[in-house]
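First comes the structure, then the notes that go with it.
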Number of protein chains: 2
Amino acid sequence: MATIKDVARKAGVSTATVSAVMNDSAFVSPELRARVVTAIRELRYEPSQAARNLRRNRSQLIALAVADLSNPFYARIVWSAEAAVAAWGYSLVLFNSDEKPDTERRILSRIRTLGCDGMVLVPVGAANQYQPHEFEGIATVLLGRSIEGNSADTVTIDNQAAGRQAVDYLLDLGHRRIGSVTGPMQLSTSKGRLDGMIDAMAARGLAPQPGHVRSGEFREEAAYSVARDMMGSPDRPTAIYVANGVMAIGVMRAIADLGLRCPQDVSIASTDTVAGAGGLKPRLTRTEHPIADMTNEALRLLVDRIEERGSEPVRNIVFQPALIVGESCMPLRVEAG
Amino acid sequence: MATIKDVARKAGVSTATVSAVMNDSAFVSPELRARVVTAIRELRYEPSQAARNLRRNRSQLIALAVADLSNPFYARIVWSAEAAVAAWGYSLVLFNSDEKPDTERRILSRIRTLGCDGMVLVPVGAANQYQPHEFEGIATVLLGRSIEGNSADTVTIDNQAAGRQAVDYLLDLGHRRIGSVTGPMQLSTSKGRLDGMIDAMAARGLAPQPGHVRSGEFREEAAYSVARDMMGSPDRPTAIYVANGVMAIGVMRAIADLGLRCPQDVSIASTDTVAGAGGLKPRLTRTEHPIADMTNEALRLLVDRIEERGSEPVRNIVFQPALIVGESCMPLRVEAG
DNA sequence: GGACGTTAGCGAAACGGTTTGCTGTCAATG
DNA sequence: CATTGACAGCAAACCGTTTCGCTAACGTCC
């Protein structure tokens, strides 16, 4: 590996001049510049990022820590984030906390020692599990979920609106006994979506029955067993609002295994899905997030923080969900004429 | 941020001693060790990875460059790779070449300047597009696809076997007019799978009709238009072998849009799918790859190369595909008694 | 008791860049 | 002609570690 000294020697100049040429950081006469450029090409010189990092105290690395890489929703975020990070001239270091606060803690520490210039984090823990020093000295944007009391920038969706939209749709179809399969209650997303549901029902003088609201991990399996349990009883709901995409798949599987049909016997609406890349039948009625836009915005905010160093006020960007009507819902059949 | 010098001063020792304590690289008397440990804790000292990288010429970074992050197949690889990389004590830097050789070239250069200790690459170009120096001095494992003439370790599947298995299955169902929608011919995967198909047919004295073999980008849209074209003509095939998962979705969509049914009118078999996370209906008959195993193996080989420095012989690991029978194929209906 | 081996710990030289003065040159100016 | 200013380019300091080679101090053995 050629170093800057080799280039300098070959071109008959000082290393400072080579550095100036590399970075366009000072004027260099055309003649010398040409000699340097030639030497660089001939030696196939590439500057050592490590040395540069040490001196500049920068790493050109942006960390992304998502909650669950097996979830297509996060895979989609990763896709967008890679493109955005590259476009800003950084490289993406990827972490998966797998919804485990302990793993997340290790990741935060790792991000710190790697010296990443900034991080985009989808937090998985309850607000009180975070230490302030875990965020000190590193630009941070929280994506999708927020942490109460944390002073980082956030990019989220309006979860209450999502729950409200989906459940309003079910109510408009005539459903009254509506259940919900939702995520862990310590997460802002789960809580917001459920609140939205309760709002929507309350606005019509209704409330979900106690046994019809179940929460569990944001995973297909958890949703499957919860739904199977809930839908087994005779006073089962006629419609279900599911808080995320992979859970919706679990719920649909549970319903099929119970011998029920969707949408004829049970209507299903969800939030946040990318499930099945369009191939799932019936296609889910759902509220979608503008994932790519959200991710781009998160990186815009982050790069802004990294490069401005300024202490602008905290920014909380909230995106609105949009209802996408599929084939997973039907008007309530009146059971006795 | 406290440096090693601050710690040394506070503990009344030299930086060499602090370093020895940090790395357990030399014997330090219990007394001094205790003083150093205290100082480290009190100053909340964390060594600068940048300085360490410069000195050790290591970055603890492993790069993964995949061909298409929007493809669930690669998303699955990313998931496995993140876990494996973390388990080996490295961090994952992720790149997406988006099937573009130019982008890939930039990525390779970026990986080099970042000083990644190694890389796992899903190559997207033809063999003659690579310069030997692009792989010099950095441990490399090619995953999924190989590059003819390249001396890196590889982890691939037996593509011919995959094509053969899938097409044999279609032949066993009685199909004779079998078509194929496959990927770009400069890729080892596309070529191998098609060869396998041709082998299987040749073994029964058959050959695909010229217009029934179409290749295009490994994308849903490309497959859609190619399939629509091929299936529009009256002598259309009764079965199609599709070379990858996202293409299979495109083909199924094309068939539905042409008013044909799968499997009643057209049987479809594919290779390499993770499509639709199990939700796709009808479920595809396909040959699957052990993606997680392949990825783990790739990282095992890579870490081995990184840490052994030895010049063991090149290793080419080939995994066997397995046929998974879904509902997308039917026996050929005899058209005239 | 001197020669010699061990060994804990230290000082200083790397590692490969960037950046800050500083120097020497040359043209313009009074 | 002496002074000044602009400016191209350089030498050296610096970033925060690791590591090599050395030095004392100490115990051992003839």
Side-chain angles (χ1 to χ4, degrees), chain A residues 1-40 43-61 89 112-117 137-138 307, chain B residues 1-40 43-61 109-110 112-117 137-138 307 309:
Chain A
M1 209 72 212
T3 76
I4 201 173
K5 283 179 197 153
D6 301 325
V7 176
R9 197 175 319 122
K10 178 148 194 158
V13 301
S14 74
T15 64
T17 304
V18 178
S19 177
V21 170
M22 288 297 298
N23 304 299
D24 256 334
S25 52
F27 186 87
V28 177
S29 68
E31 191 218 348
L32 277 203
R33 169 177 298 271
R35 264 157 56 198
V36 170
V37 167
T38 312
I40 286 174
L43 293 173
R44 247 193 227 122
Y45 166 68
E46 306 203 33
S48 145
Q49 192 72 20
R52 204 173 245 180
N53 289 347
L54 176 57
R55 180 64 223 223
R56 291 201 177 147
N57 203 21
R58 284 295 216 79
S59 66
Q60 298 290 88
L61 255 29
R112 180 169 295 279
T113 66
L114 275 178
C116 294
D117 294 339
I138 174 162
E307 295 178 359
Chain B
M1 211 69 207
T3 77
I4 201 173
K5 282 180 198 153
D6 301 325
V7 176
R9 198 174 319 122
K10 178 147 193 159
V13 301
S14 76
T15 62
T17 305
V18 178
S19 177
V21 170
M22 288 296 299
N23 304 299
D24 257 335
S25 52
F27 186 86
V28 177
S29 70
E31 191 217 350
L32 277 204
R33 170 177 296 270
R35 265 159 52 199
V36 169
V37 167
T38 311
I40 286 174
L43 294 173
R44 252 207 217 114
Y45 166 68
E46 304 202 33
S48 146
Q49 192 71 21
R52 206 171 243 184
N53 290 346
L54 175 58
R55 180 62 222 217
R56 290 195 179 152
N57 203 22
R58 283 297 216 77
S59 65
Q60 297 289 90
L61 255 29
S109 152
R110 180 87 185 147
R112 180 169 295 278
T113 66
L114 275 177
C116 293
D117 295 338
I138 174 163
E307 294 179 359
R309 306 237 143 267

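In this text the structure is predicted, and so the values were computed from the model without any measurement.
B:Thr15 places no side-chain N or O within donor-acceptor distance of the main-chain N or O of B:Ile4, the cut-off being under 3.5 Å.
One atom, NZ of A:Lys5, and another, C1' of C:dT18, lie 13 Å apart when rounded to the nearest Å. Remark: P of C:dG16 and CG of A:Asn57 are 20 Å apart, rounded to the nearest angstrom.
Residues B:Leu54 and B:Ala16 both approach DNA chain C. Their nearest nucleotides, taken by heavy-atom distance, put B:Ala16 toward the 5′ side.
A sub-4.0 Å separation between OP1 or OP2 of C:dC10 and a side-chain N or O of B:Thr17 is present. Under 4.0 angstrom from either OP1 or OP2 of D:dG16 there lies no side-chain N or O belonging to B:Tyr45. For D:dG16, neither phosphate oxygen OP1 nor OP2 lies less than 4.0 angstrom from any side-chain nitrogen or oxygen of B:Ser48. In this structure, A:Thr3 does not reach the C:dG16 phosphate: none of its side-chain N or O atoms is under 4.0 Å from OP1 or OP2. Checking the phosphate oxygens (OP1, OP2) of C:dG17, no side-chain nitrogen or oxygen of A:Asn53 falls inside 4.0 Å. Between A:Ser29 and D:dG9, a side-chain N or O to OP1/OP2 separation shorter than 4.0 Å is present.
Between the side chain of B:Arg52 and the base of D:dT17, no donor-acceptor pair of N or O atoms lies under 3.5 Å. At a cut-off of 3.5 angstrom, the base of D:dT17 holds no donor-acceptor pair with the side chain of B:Arg55.
Taking a cutoff of 4.0 Å between a charged side-chain nitrogen and a carboxylate oxygen, A:Asp6 and A:Arg44 do not qualify as a salt bridge.
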Table of protein N/O atoms under 3.5 Å from nucleotides 21-28 of chain D N/O atoms:
none

